[in-house]
Structure formats: structure tokens, C-alpha cells
Amino acid sequence: MDKLYLIDGSSIAYRAFYALPLLTHSSGTPINAVYGFSLMLLKLLEEEKPTHLLVAFDASAKTFRHADYEEYKSTRMKTPDELSGQFPIIKDLLDAFSIPYYEVENYEADDIIGTLSRKAEEASLKTRIVTGDKDLLQLVSERVEALLTRKGITEMDVYTVDAIRDKYGLKPEQIVDLKGLMGDSSDNIPGIPGVGEKTALKLLQQFGSVENVLDNADSISGKKLQERVRDHADQARLSKKLATIFRDMSIDIALADLKYDGYDRERLAKFFKKWEFKTLQERIMGDDVTERTKAKDILVDTIAHASVLNEWIDSASAPVALYVEMEPGPYVNADVIGFGLSDGTRHAYVPFKTVKESRTFQSWLQDDARAKVGYDIKKAMVALKKYGIQVNGFVFDVMLASYLLNPTESDHALSEIAKQQLQYPLPHDDEVYGKGAKRKQLEGQELAEHLARKTEAMRLLHQRLDEQLETYGMKDLYYRLELPLAKILAGMEADGVKVDRGRLQALGKEFEERLQKLTEEIYSLAGTEFNINSPKQLGHILFDKLNLPVMKKTKTGYSTSADVLEKLEPQHEIVGKILLFRQIGKLQSTYVEGLLKMIQQETGKIHTIFQQTVAATGRLSSTDPNLQNIPIRLEEGRRIREVFVPSESGWKILAADYSQIELRVLAHFAQDETLLEAFRENMDIHTRTAMDVFGVDKDRVTPLMRRQAKAVNFGIVYGISDYGLSQNLNISRKEAATFIERYFRSFPGVKRYMDDIVKQAREHGYVTTLLHRRRYLPDINSKNFNRRSFAERTAMNTPIQGTAADIIKLAMVKLAERLSREGFKTRMLLQVHDELIFEVPPNEVEALKAVVTDVMENAVELSVPLKVDVSTGDTWYDAK
DNA sequence: CCCTTCACG
DNA sequence: ACGTACGTGAAGGGG
């Protein structure tokens, strides 16, 4: 919508001059009116956003009005020198703003404004007049409004037809009649002596105009007043004429000439600098300014004003690349510094301050229909949640795409992806920021340019990586699994898990006492004090001092690992104590102390980070802290789980885990009759394996046989080797080989599958999962036995582990959708590879059990059923 | 910064 | 003969 602003330059200059103290430039030149004028213009541009603009000035002391009335304005004091000297500077200011100004010999600014506003009305253009002079209210109409300075220079009131009626009870065109009757001492317009505002308004209420008042002088109440009106009839007519703005000048200006396209920041800043308007200079050029700099071949604007940002985002072409810059480290509480934006043609850096000021931008962020391309969108979403900002509409995450295309790559730094995919010269963050202690946050121009190149690269990568996902048949996996999952994980990370700090501290105290006692006992048995945590010192004590037999060595010396110590346990009392010290020490340092450090002070919660681009098989991992390896196998450690509690009183913890998901996946892939049957009949799989491997009836399976069968099953999933199995079961390699041979004789389908998958890997160079996740195995044809063997085991393991990961991820996406659709208050808290942990209000427990079981068991359809076990409790420990 | 150890699936 | 179980992350020691 076009809006014309006509500024009464002379009036505003006077206003500014008298409203502000007489500020001077260091040379002594008075500059206050220029300063006030500048303030008014900046505010006007920011708040009103004129599309067309003109400043009108009075041209000279003499005007056509003097021909009618020589005394016009004659009582007015001469313009003070301090002000008149500022007019040329104000015109320089307007030049710096690129705002046109206009003055015409013999006419006043009012007449120019009157003429142009009439033209604008005829062209149906909305007009606002900016002035300090009430006379101009006569120009107000349906399409013309006036902004009248109220106090100071930047506060203005809007006068519409309605506002004028409310205030004076007059139509705008009656303002001249008012002046005709009451006069105007400042312009030396006489009016009718003895008639002031009150009387004039009363007369106009009754008669409507000067002419009518004069014609009906007889009907005026009050003898004296009648007389005055009659005596000064001509003077009243003249006064009205003088007050009437001339709206029909021949002016050689088309409205199109008044189109305003904004100012050149540098030019205006130069002007402000020259006149020492430091704050104004900073306001437009300092850190809160749109500053254009150049990063290599691209230009980047630093947007510091919400209004500029609003326009930018309103006119952006989708999708917009969005990079959220924040402080390093675990990001749940990281401060956001700013945003990099790119829509393909324009690049912008937006300090977070500006983001917070712009509601338009925030609703853009929230709008699912406004497409955004991100890099590590989970991180961005979690970091912004802290500020109550929700981001929707991410249609692509460069990091996630890179991970799917190359899951074995450990580093998905944007610079690396850009370099490999595009040969795009983007410096690595470590290069730009420095590493570790040397790291420093970039600021200003440097940061803006770095982000501009990032967002530029992101947009280019969006195109390219999307094509590759298509080529490899991974679009569904990407758009329907990983991308939606990122948002779900963001929610889980942001929600966090409540921890009972007191309980954890109590456990810590208990462990501390036990460690103290064990330490003393160990020192006493060793006959000396040493660092039990140092494998080197411990090895020295055990193998040199106590002369225990050396079972295994490491690159650096004696091995003191648990499996070695377990074998030595009967030989010396100290060994058992060391094993226990290790066990308790691990609980103390990693779990008690480690977790305490991660509890957020205010909320008592822990917010892990789920790594979605780390595990080569497609699994998630968990860091800061790792909540996927909380102890369970030994009772002492398991008690750590007591400290994980619901975040709302009365709620429960619910755990749902897949039963034997990897072996079920194996049964599906291998199509082995025996295995398929075992799962279809819902048998205890390890017992069943023992029956087949050892050739005995169910009743004859001993606990040892079941334990060994279980180890064989694990071995199968890992890509079995006799050596590995022998180590695990502490048996000879030959015995292990016999187990494996018997297993494959019992499950020939599994044998065939393992041979096939390795063969496939050799032929294609990669293996895939159920949902087409892909892992390359470059070493599969290596001449190096080690590397080749490793690749072969990976070929056997990855489709199984990866498919299990696909399944639970898909279940998470489907679950989140269903819980939200059905209005559950339940929150998904954690994923631990084959199980999901929730906190749930008591009244939802039963319904959740049903929904979770349904969704998890039916996430995909395999040749065997998927089975889920659900349990609940007041803590994670109790949900067993 | 690497190594060893150990927690989980 | 080779010399390893698959996938992770954190802590502590020591150079």
C-alpha cells in the first residue's frame, strides 16, 4: 500500500529548534534543529515506512499573501540567526537521506503541501502531513491525515476527520473559518477582535462558516458581539482568505517523483559523523544497523532493525537457509548469538537481539509452511526453545543428509561436506574460531561473512544432497524417518529427565565410604600406598611385587582388565578387592559425580544430547551425559536408576522394550525355518538355541548350556568368529568352533544368509538395512586379513543392528504423532537402542501401555512378530 | 591427546 | 599365520 508523507519542513525545523537545547557542533555552529529533524525522520522512516516522501519549505519572507495584507506575519520575530543558519544544513541532511525537498518563490510550505495532497487525493493515494502547525488540519480528508507534533519533536498525534470533529466539533474545512473569526496572532491574522476560540467555535456550531456568520449577524446572541462582527466583516473575510491554504499551485512534480527507496546508510552515517551525531551514527551504522559487507563473492547484510528483518523475511524466496549461531558446548543452555539467513540471492546476518524484537520473524520461524533449510536442526530447535521460540518448517538438514549418505564419516562439519560435494571454499569452524582454550567467538563483520558463506553452502548442498538421496533410494528414510525424528529428539532433549539429587548424593556417600575402606584394605594387602586407578602402578604391584602370573599384556604393559583379574581372583585376596574397587569407583566417578555435574540447577533435570549422526549402523548415541549406559547388570550399579524419577508428582516411569529384536530381524532376513518357528511360537530363544546346538530336550537344557547358547546368539549377531566366542565364554577356540559349527547345522538358513550378505558386500561394496540405510565397506576385499575380517563381520552385523535401529526410530516417529493426535500428556524421555522410556500421568498409564505396544509391535511388518514388554514404576529402577 | 578400562545395547 | 567379537561414551592416567 503506497503512502505519501508530506513534511512541513519549516514548521518541523522551528519546532525542533525550540524543543531542544541549543546544541552546537564543536566548531560552534548551532545544530539542534538539524538533530531534532534527524530524530523525527529516523522515527518516521522506521515506524511509518513511507513509500513516497517530500519535505516542503517556505521559500522567502514575502508571499502572495502580503499582496492582500502587508502586515501578514509582520509581528512575528525575525527567525533567529541560530536557526536560519541551520536550514542549509537541514537540506544537506535531506540529501543524505535521499529525501526530496521543495520550495517555491512567493508560496509557503503549506501551499505546496496543500497542492500535492490534493493531487494525491485525486490519485487515490493515502497521504499523511507531518507538521507542528494546526492550520494544516484544514487539509485533512478521508484520504489525508495529519501528524501533529505533540511535545518535543518525535511525539505526534494523528488527526483524522473524526479526531478533528471530536476535538473541535468542526469539519476540517471549517478550520479556516475558525481562523477567520478568531485570527492568529503568530501570523498576525487579525480575525474579529474580541472573538477567541470559544466564541468562534460557538458561532461556527451555529452558522457553519464565516460567510454565514456575517450574513446572519442579526441572529447572533449578544449585542456587543453582533456589533463586533458587523464592524469587522471585511477583516474576517480577509483573515479567512489568509488562513486558507492555496491548493492549486502549478507544481512541476509528479507523485512518481516522490517515490522513496530508502537511504544510503554510508552516506547518511557520513553526514552524522560530520556533525558529530555520534548516537545517530551508531544507530544506523553501529552494531544495531544493517551493514553490508563482503564475504568472498557474496554480499551480506547485518540486520539490526526488526523492521528491516520483517521486510527481508516477507520478501524472501523459499526455502531460506537458516543457521543458528550459538555459544559452544552442550547446547541445552547455550546462548544464541545470531542467525545466518540466505534465500539464494540475499544473505543476511541477524543478531539475536533483532530476532527477539521481530514478531514477524518469529512467526515466520514458527510457520510450518515457510520452508527452511538447516544444518543440525535439532541443535537449533533445542537452543531456541530456551527462549520460547519454536521452529517449524525445516524441510532439510544438511548434516543429517550427509550422515545418511556416508554414515561411517565421523565428521559432518559443514565445511567438510561443502568441500567434498561442491569444492566450496568454506573454512572449518575450528579454523575460524580456534580450538579448545584458544576458541573465541566471532563478532560483527567476520561473523556475518562466515555465516553468509555457511548459509550459501547450505542452500547449494540442499539441492545436491537431495539428488543423491534420490539416487540411492533413501528419500523415504530421510524425509519420513530421520528428519521428523530430529524434531522429536529435540523435544526429548529439551524436556530432559528429572533426577533426585538428594538420592544421588546419598548413593555417593555410601560409595565413598566403601571406597575408603577398600582403599585401606588394598594398601594393607599390597604393603604400600599406590594409585589403584593407574593400570601401570597396579600392574607393578600385582605382577612385580606380588608376582601374580601375567595372563595378558597390552601395548604399554601388563593388562589389568576385569577378565584378567577374574582369573587371578583365587590367587590373592587383593584381586577381589581391586575388582570391587573398580566397580564402585566407576559408579562413583562416572555416574554419581558425572551425573551430578549435569543436573541443571533450576530444574533438577538432565538434558542428554542424542547424537543422530554418529553411529555407523544408524543407531542413536547419547552424550553430555550418556544416558544410554546407565548400569543395570549388577544390582549395586542398577541402584543408580533409582535417581531417575518423573518430573511431575504422582506421575510414573514407563519402560517399553523390544524383546530379542535383533534375533527377530535375523530370522526375517535369513528366513531360517527353525528360527522363524521359534519366534512364531514365542519360545525362549536361548533355550531353543541350546536345544538345537546341544541336541537335548527342553527339560535337559542346563543353565550353563543356556548361557553358552546365549553367547552364541550374540556372536551370530556380531558376525561370529571362533576366537571372539572363545574369549567371551572363556573356552578354547576349538570348542568355540564346534559350537559355531553345530549352530550353523541347526540353523542352515542363518548360515546361508551370512554367506550371502558377505558375498553381496563384496559385489556391491555396501550393505543395507530394511529401510535402505546403507553402509559402505571399503575393506571387504582387502588383502589384509584383519581389515577384511572386520569388514565381513560388519557386513553381517550392520543390517541386523541397523534394521533394529530403523524399527525403533520409526516407532518413535509414529508414537510421537499418535500421542500428540490423541492428546496424551505423556512425554517420551529416552531411547536406549531397543527400549523407550516415558513419564506418564497416572490416568494415562493403561492407555499408554496399549498404544506403545501397538505402535512398537506394528512399526514394520516382518516374517516374525515383534514383541514388546512394558513395565512401570515410580523410578526408572522400578520400571523393570 | 592417546590409552585403558568399563558402563550400556 | 594373521589375531578380532558389533555399536557406543566417559573417566582417569600419563606423556
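What's counted below: heavy atoms across the whole structure, side chains too, no hydrogens, waters or symmetry copies. Quick caveat: nothing in here was measured; it's all calculated off a predicted structure. A note on names: the letters A, B, ... follow the listed sequences, proteins ahead of strands, and every chain is numbered from 1.
Ion pairing between A/Glu662 and A/Arg619 holds under the 4.0 Å rule for side-chain N and carboxylate O.
Both geometric conditions, a ring-centre gap below 5.5 Å and a plane tilt below 30°, are fulfilled for A/Tyr723 over the base of C/dT4. A distance cut-off of 5.5 Å between ring centres, combined with a plane angle under 30°, places A/Tyr718 in a stacking arrangement with the base of C/dC6.
One can place CG of A/Leu666 at 13 Å from C1' of C/dC6, the figure rounded to the nearest angstrom. When the P atom of C/dA11 is taken as reference, atom CD1 of A/Ile584 falls 18 Å away, rounded to whole Å. In this structure, the CZ atom of A/Phe790 is 8 Å from the C1' atom of C/dC6, given to the nearest Å. Atom OH of A/Tyr403 is separated from atom C1' of C/dT8 by 11 Å (rounded to the nearest Å). Note: CZ (A/Arg733) to P (C/dC2) measures 10 Å, nearest angstrom. Here C/dT4 presents its C1' atom at 13 Å from CG of A/Asn797, a figure rounded to the nearest Å. In this structure, A/Leu777 atom CG and C/dG7 atom C1' are separated by 14 Å, rounded to whole Å. A straight line from CD of A/Gln801 to P of C/dT8 spans 7 Å, rounded to a whole angstrom.
Remark: the A/Ser561 side chain and the A/Asp563 side chain contain an N/O donor-acceptor pair separated by less than 3.5 Å. A/Asn406 and A/Thr408 share a donor-acceptor pair across their side chains, judged by distance under 3.5 Å alone.
Within a 6.0 Å sphere centred on CZ of A/Phe744, heavy atoms belonging to other residues, nucleotides or ligands number more than 12. The number of heavy atoms from other shown groups lying within 6.0 Å of CZ (A/Arg752) does not exceed 12. Atom CZ of A/Arg787 has 12 or fewer heavy atoms from other residues, nucleotides or ligands within 6.0 Å. Heavy-atom neighbours of A/Lys509 NZ from other residues, nucleotides or ligands within 6.0 Å: at or below the threshold of 12.
Proximity note for A/Ser621 (side chain, C-beta onward) versus C/dA10, C/dT8, C/dG12: the nearest is C/dT8. In this structure, the nucleotide among C/dT8, C/dA11, C/dG13 sitting nearest to the side chain of A/Asn533 is C/dG13. In the set C/dG9, C/dG7, C/dA5, the nucleotide with an atom closest to the side chain of A/Val614 is C/dG9. Distance from the side chain of A/Asn786 is smallest for C/dG3 among the nucleotides C/dG14, C/dG7, C/dG3. Nearest to the side-chain atoms of A/Asn531 among the listed nucleotides C/dG13, C/dA11, C/dT4 stands C/dG13.
The separation of B/dC6 from C/dC2, taken at their P atoms, amounts to 27 Å, rounded to a whole angstrom. Atom name C1', nucleotides C/dG3 and B/dA7: the rounded distance is 26 Å, in whole Å.
A/Ile720 comes within contact range of at least one nucleobase, with a heavy-atom separation under 4.0 Å. A/Phe714 comes within 4.0 angstrom of no nucleic acid atom, judged by non-hydrogen atoms across all strands. Residue-level contact check: A/Glu835 touches neither bases nor backbone, having no heavy atom under 4.0 Å from any strand. Looking at heavy-atom distances under 4.0 Å, A/Val832 makes contact with sugar-phosphate atoms alone, never a base. The residue A/Asn626 sits close only to the backbone: its heavy atoms come under 4.0 Å of sugar-phosphate atoms, none of a base. When heavy atoms are screened at a 4.0 angstrom cut-off, A/Asn784 is found touching no nucleic acid atom at all. Base contact: A/Arg633 has a heavy atom under 4.0 Å from a base atom. Using a 4.0 Å heavy-atom cutoff across all strands shown, A/Ala562 reaches sugar-phosphate atoms only and no base atom. Counting non-hydrogen atoms under 4.0 angstrom, A/Ala804 reaches nothing in the nucleic acid. As judged by a 4.0 angstrom heavy-atom cut-off over every strand, A/Thr560 is placed among residues touching the sugar-phosphate backbone only. As judged by a 4.0 angstrom heavy-atom cut-off over every strand, A/Ala711 is placed among the base-contacting residues. Residue A/Leu725 is in base contact, counting any heavy-atom pair closer than 4.0 Å across all strands shown. In this structure, A/Gly594 reaches the sugar-phosphate backbone alone: every heavy-atom distance under 4.0 Å involves primed, P, OP1 or OP2 atoms, never a base.
Here A/Ile377 contributes atom CD1 and A/Leu400 contributes atom CG; the two are 6.0 Å apart, rounded to the nearest 0.5 Å. A distance of 9.5 Å separates OG1 of A/Thr617 from CG of A/Asp806, quoted to the nearest 0.5 Å.
For A/Pro407 and A/Leu595, each mapped to the nucleotide of DNA chain C holding its nearest heavy atom, the one lying further toward the 5' end belongs to A/Pro407.
Applying the ring-ring contact (aromatic ring centres under 6.0 Å, His included) definition to pairs two or more places apart or across chains, those involving residues 771-814 of chain A are A/Tyr766-A/Tyr776.
Looking only at distances, no side-chain donor or acceptor of A/Lys605 sits under 3.5 Å from a matching main-chain atom of A/Gln600.
Proximity of A/Thr798 to the phosphate of C/dG7: no side-chain N or O atom is located under 4.0 Å from OP1 or OP2. The phosphate of C/dC6 (OP1 or OP2) has a side-chain N or O of A/Arg793 nearer than 4.0 angstrom.
Relative ring orientation between A/Tyr753 and A/Phe669 is described as parallel, the plane-to-plane angle staying below 30° on a 0-90° scale split at 30° and 60°.
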Nucleotide pairing, DNA chain C (Watson-Crick or G-U, distances under 3.5 Å), in dot-bracket with [ ] and |: .....|||||||||.
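Counting 5' to 3', DNA chain B first comes under 4.0 angstrom of a heavy atom of chain A and last does so at the ends given by B/dT4 to B/dG9.
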